[in-house]
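Please read the structure below before turning to the comments.
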Amino acid sequence: MERGNFVAKKILLLDGNSLAYRAFFALPLLTNENGIHTNAVYGFTMMLQKIIEEEKPTHMIVAFDAGKTTFRHKTFSEYKGGRQKTPPELSEQFPYLRKVIDAYGIKRYELDNYEADDIIGTLSLEAEQAGDEVVIISGDKDMTQLASSTTTVFITRKGITDIEKYTVEHIKEKYGLTPNQIIDMKGLMGDASDNIPGVPGVGEKTALKLLASHGSVEGVYEAIDLQKGKMKEKLVANEDLAYISKQLATIERHAPIEISIEELSYAGPNQDELVKVWTELAFKSLLEKMEYTAEETVKEELHFEVLTAIDPAILKDEMAVHLELYDEHYHSCDLLGVSLATETETYVIPMTVVEQSEEFNKWFKDPSKKKFMADSKAATAAFLRMGIELKGVDFDLMLGAYIVNPSLTYTDMASIVQEYGYRDVSTNEQIYGKGAKKKVPEETILNEHIARKARTIWKVRPLVMKKLEENEQFDLYDKLELPLATVLGQMESLGVKVDRDQLSEMGKELSHKLEKIESDIHGLAGQEFNINSPKQLGVILFEKLGLPALKKTKTGYSTAADVLEKLEGQHEIISHILMYRQLGKLLSTYIEGLLKEVHEDGKVHTRFQQALTTTGRLSSTNPNLQNIPVRLEEGRKIRKAFIPSEPDWVMVAADYSQIELRVLADMSEDERLVQAFKDDRDIHTTTASDVFHVPIEQVTGDMRRAAKAVNFGIVYGISDYGLSQNLSIPRKEAADFIERYFTSFPGVKSYMTTIVADAKRDGFVTTLMNRRRYLPDITSSNFNLRSFAERTAMNTPIQGSAADIIKKAMIDMDAALEREGMQTRMLLQVHDELIFEAPPEELEKLMKLVPEVMEHAVKLIVPLKVDIANGATWYDTK
DNA sequence: ACGATCACG
DNA sequence: ACGTACGTGATCGTT
């Protein structure tokens, strides 16, 4: 942490492909309990552990070869020819290898048309010119050509952890050559493994002898007359091959890489991620070793004071404040204590002291006293349980870190701050344990943990702020996410009233229906079995009843709804199973599940996850109130149980109409799409009319349905296969639809092309409010990974901008209700809609106010449109 | 702990 | 040739 800029860099450049091959062939073909081969990943990991420990790098990267062909193939088409295909046992390990590297927090890089060598050659040159110390690690001796006074090349011997270090001196000693002459050696002797020919008949001995007297390939041919006999013949006959071979063996040191040394800084592994991937791979010995070292980690000593009473003098204008919670269920869990920190002081305040201190409460709700926190929404909601108000939140560590990179998982504070190189705080798991063994530790341990958290916030805040500024994301963070946290905290605390009797009544009815359907199914099957078990159901349908198995999953037959629907005409049992599934889902998830979540106040208090999705959307848990049924009437009835919390009040629901397509219109500036929204036309019908070249009046239901699917596809990052699946049509036809769509909406097409190109150039995409998502796979040579990243590049700006807009609307709405002095309460957000409860006397005003505010949350080149409805229950807001 | 399934936008 | 629509969470059965 205290590492100053004056400390020299030590840069480790690893050749990923070469090392993976080495590890694969050096170790026996290990298989873990899940049947995955792991030897290459294991060997690579062991090597990584050792090298990090011994070399203590400040910067690291693992470079990979991209694709099958490189610029070298243009020179010599047989380059690397005759090489055996990568064994599948090794190929399957590459995804895990990438996961391991990511968990270590090490950068990965690959570049179309170039090999790992070239990336490393280019980076090492950059480092050399800056005077930095470099270590290159590979299994390929070619790399030794890169050695210099500041660069050492480590080549793995036999095993993978056994290493030979090639310095300039070592190369001189061993071959009598300079690093540059290694290339000449390859030119003369070739390299069987890369299918570099060299001069036939010239081996290492001869090559070294020739170079000793002539210095280089060029030198040998300038003095060719000094050779005689067979040797001269061979050399003369193969002069071209010698030069080509030399060229092939030369590592490119000016590859067009879009990454610089500065971006490689290495801050150590993300322990949580490492545990995850090692568990997946079943690397037990490494896991045990980590637990051992985790406890050994030495933290900087911290002095703090545990307060039994609060002297107002310690409460400053700016303080880090942390509320420690026993678990993530902050609407119900124990509150374990509060800590405060400034530059010089750290305090721990037990909850009993907090509760009794009027001074603290006053300071806490004073908006001019700036609080730096880690999860201000949790604190807002948890303190509201005790009737304590929190105002003046000026920093939120979790939100800041999330804005900087939404792709990371924010499990606890230790994992967040590790991203910023800070390690002086334990993970919650280390302090409380996990599973059945979880418990509150003795007071001294607990207090230190809590104290360290406030200290951590204070320490890491400037680093997060700097990142936000650098990325021009401060406004997104400060004007959007931070104020939203408070709004969300209040919404969660308010909760939504649930009519338990209504749910129980529906549950009874459903149970009876399910019993009946169950016995019907068993009757039709001729035996009893568990309908909920896809395995047992598969056996009944596809073996006993002999129905055709149309799709398979990893584990057996697929019995998913889309598969069963295709079988509906073939056996009476199918429709019963579909009905059983539908009703069973309602009963277990939405009746029984929901009832379990109702608190003593007769309300459900969801938690909106604000730092979770990669696109910027919220998510909702315990219970999830963002997926309450609506599409089918039976399910929709569940919404009758969501009622206002005051007598005679009403529920109000307002949703954005086609917000994602409007965002697309805005970003693509496609003329026809923009005009369609300006004219307030039905967008799917308009699309159908354009794509099928028929007047609006002649658009049939099926045409509109197809157009709607295409519009969805466009938003998702279209592919012909995806569309064909959705519409159950041949892929060719789907491709044709897409083609016609792009002809009609050329602006959309060029937007899609541009956004993917931008993502390739920048490594990330952005939304309306400058939210970022990094897409490292966009340059991958793996078709699947790359395609996925490309679709994400198209989808994230759309989905994420829509998320930005409704978040802004929520903040504006909260302010509007406050400003108008209204009693109406905002309760829920469901991605494109907001749900309120309101007293009847405010209804008329509200029905105007909400659309007004939502439609003007941001200004796009197309209008935003909001539909609003009210009723006695959520069900009735349609 | 994980995959299959299905609920939502 | 490759094989998937984007983003989530809860429940169930199986390992």
Side-chain angles (χ1 to χ4, degrees), chain A residues 33-35 68 276 279-280 282 406 435 529-538 551-564 577-578 580-594 596-597 606-609 612-632 634-636 638-639 655-656 658-660 709-727 731 734 738 773 781-800 802-803 806 828-833:
Chain A
E33 53 209 19
N34 302 322
K68 293 193 181 79
K276 225 190 271 173
T279 307
E280 195 180 351
F529 68 100
N530 186 346
I531 306 165
N532 281 322
S533 160
K535 198 175 166 191
Q536 294 180 36
L537 182 62
K551 208 166 87 180
K552 274 192 280 186
T553 67
K554 274 185 220 166
T555 50
Y557 309 111
S558 169
T559 66
D562 62 328
V563 175
L564 297 186
I577 291 167
L578 287 167
Y580 182 87
R581 283 251 179 91
Q582 194 197 123
L583 301 184
K585 183 85 178 178
L586 290 179
L587 183 62
S588 65
T589 305
Y590 295 104
I591 306 275
E592 292 168 351
L594 203 55
K596 280 186 211 140
E597 297 286 350
T606 190
R607 278 175 298 121
F608 289 107
Q609 303 286 353
L612 186 145
T613 73
T614 45
T615 55
R617 274 189 176 182
L618 302 175
S619 83
S620 160
T621 56
N622 298 109
N624 180 352
L625 295 181
Q626 290 182 322
N627 72 344
I628 302 300
V630 67
R631 290 172 193 169
L632 299 172
E634 292 98 320
R636 189 174 202 153
I638 299 284
R639 297 184 171 218
D655 69 290
Y656 281 113
Q658 304 295 351
I659 189 167
E660 292 188 335
V710 174
N711 278 330
F712 268 100
I714 292 293
V715 169
Y716 291 157
I718 198 137
S719 75
D720 48 11
Y721 186 84
L723 183 64
S724 76
Q725 288 295 299
N726 190 284
L727 285 174
R731 200 168 67 195
I738 295 168
R773 177 168 180 185
S781 59
N782 178 314
F783 177 86
N784 282 330
L785 289 177
R786 190 178 63 247
S787 302
F788 185 46
E790 286 171 356
R791 290 196 297 274
T792 311
M794 298 186 243
N795 171 263
T796 295
I798 300 174
Q799 195 184 113
I806 195 165
L828 295 174
Q829 185 249 51
V830 191
H831 309 308
D832 65 354
E833 63 177 324

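Letters go in sequence order (proteins before strands), and every chain restarts at 1.
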Quick one: which of [options] gets closest to the side chain of [X]?
X: A:Asn624; options: C:dG3, C:dA10, C:dG7; result: C:dA10
X: A:Asn530; options: C:dA5, C:dG13, C:dA10; result: C:dG13
X: A:Tyr721; options: C:dG3, C:dT4, C:dT11; result: C:dT4
X: A:Ser588; options: C:dG7, C:dT11, C:dA5; result: C:dT11
X: A:Lys554; options: C:dG7, B:dA4, C:dT4; result: B:dA4
X: A:Asn622; options: C:dA10, C:dG9, C:dA5; result: C:dA10
X: A:Asn784; options: B:dT5, C:dC6, C:dG3; result: C:dG3
X: A:Ala560; options: B:dT5, C:dC2, B:dG9; result: B:dT5
X: A:Pro629; options: C:dC6, B:dC8, C:dT11; result: B:dC8
X: A:Phe788; options: C:dG9, C:dC6, C:dT4; result: C:dC6

For [N], take OP1 and OP2 only and decide whether either is under 4.0 Å from a side-chain N or O of [X].
X: A:Ser787; N: C:dC2; answer: no
X: A:Arg791; N: C:dA5; answer: no
X: A:Arg617; N: B:dC8; answer: no
X: A:Arg581; N: B:dT5; answer: no
X: A:Thr555; N: B:dA4; answer: yes
X: A:Thr553; N: B:dA4; answer: yes

Taking [atom1] from [X] and [atom2] from [N], how many angstroms apart are they, rounded to a whole number?
X: A:Met794; N: C:dG7; atom1: CE; atom2: P; value: 12 Å
X: A:Leu828; N: B:dG9; atom1: CG; atom2: C1'; value: 14 Å
X: A:Arg636; N: B:dC8; atom1: CZ; atom2: C1'; value: 13 Å
X: A:Asn726; N: C:dC6; atom1: CG; atom2: C1'; value: 12 Å
X: A:Asn711; N: C:dA5; atom1: CG; atom2: P; value: 20 Å
X: A:Lys585; N: C:dG9; atom1: NZ; atom2: P; value: 13 Å
X: A:Leu723; N: C:dC6; atom1: CG; atom2: P; value: 13 Å
X: A:Asn795; N: C:dA5; atom1: CG; atom2: C1'; value: 10 Å

Within the 4.0 Å heavy-atom criterion, would you say [X] contacts the bases, only the backbone, or no part of the nucleic acid?
X: A:Thr796; value: nothing
X: A:Val715; value: nothing
X: A:Gln725; value: nothing
X: A:Ile628; value: sugar-phosphate
X: A:Ile798; value: nothing
X: A:Asn627; value: base
X: A:Ala709; value: base
X: A:Gly593; value: sugar-phosphate
X: A:Ala561; value: sugar-phosphate
X: A:Arg607; value: nothing

Is there a side-chain contact between [X] and [Y] in this structure, where contact means two heavy atoms from C-beta onward sitting under 4.5 Å apart?
X: A:Asn622; Y: A:Glu597; result: yes
X: A:Thr613; Y: A:Gln799; result: no
X: A:Asn532; Y: A:Tyr580; result: yes
X: A:Asn795; Y: A:Val715; result: yes
X: A:Arg639; Y: A:Val630; result: yes
X: A:Arg581; Y: A:Leu564; result: yes

Do [X] and [N] have a side chain to base donor-acceptor pair shorter than 3.5 Å?
X: A:Arg631; N: B:dG9; result: yes
X: A:Ser719; N: C:dT4; result: yes
X: A:Gln799; N: C:dC6; result: yes

Quiz item: Which parts of residues 531-538 of chain A get close to DNA chain B, meaning a heavy atom less than 4.0 angstrom away?
Solution: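 When residues 531-538 of chain A is checked for heavy atoms under 4.0 Å from DNA chain B, there are no hits whatsoever.
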
Quiz item: What pair of heavy atoms forms the shortest contact from A:Tyr590 to A:Asn627, and how long is it?
Solution: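 Looks like OH-O, 2.7 Å.
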
Quiz item: Among pairs that include at least one residue of residues 716-726 of chain A, which meet salt bridge (charged side-chain N to carboxylate O under 4.0 Å, His left out), considering only residues two or more places apart or in two chains?
Solution: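 Residue pairs with at least one partner in residues 716-726 of chain A: there are none.
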
Quiz item: Counting only N and O atoms by type, is there a donor-acceptor contact under 3.5 Å from the side chain of A:Thr606 to the main-chain atoms of A:Pro623?
Solution: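 Yes, A:Thr606 side chain to A:Pro623 backbone: donor-acceptor pair under 3.5 Å.
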
Self-check item: Heavy-atom donor-acceptor pair, A:Ser620 side chain to A:Leu625 backbone, under 3.5 Å
Solution: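 Present.
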
Practice problem: For C:dA5 and B:dT5, measure between their P atoms and round to the nearest Å. | Solution: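 Looking at atom P only, C:dA5 and B:dT5 are 13 Å apart.
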
Quiz item: Considering only the C1' atoms, how many Å lie between C:dC2 and B:dC6, rounded to the nearest integer?
Solution: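 After rounding to an integer number of Å, I get 29 Å for this pair.
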
Quiz item: Considering Watson-Crick and G-U wobble pairs with both distances under 3.5 Å, what does C:dT8 pair with?
Solution: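 Paired with C:dT8, as far as the under-3.5 Å criterion goes, is B:dA7.
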
Quiz item: Just wondering, more than 12 heavy atoms not from A:Phe712 lying within 6.0 Å of its CZ?
Solution: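 No, not enclosed.
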
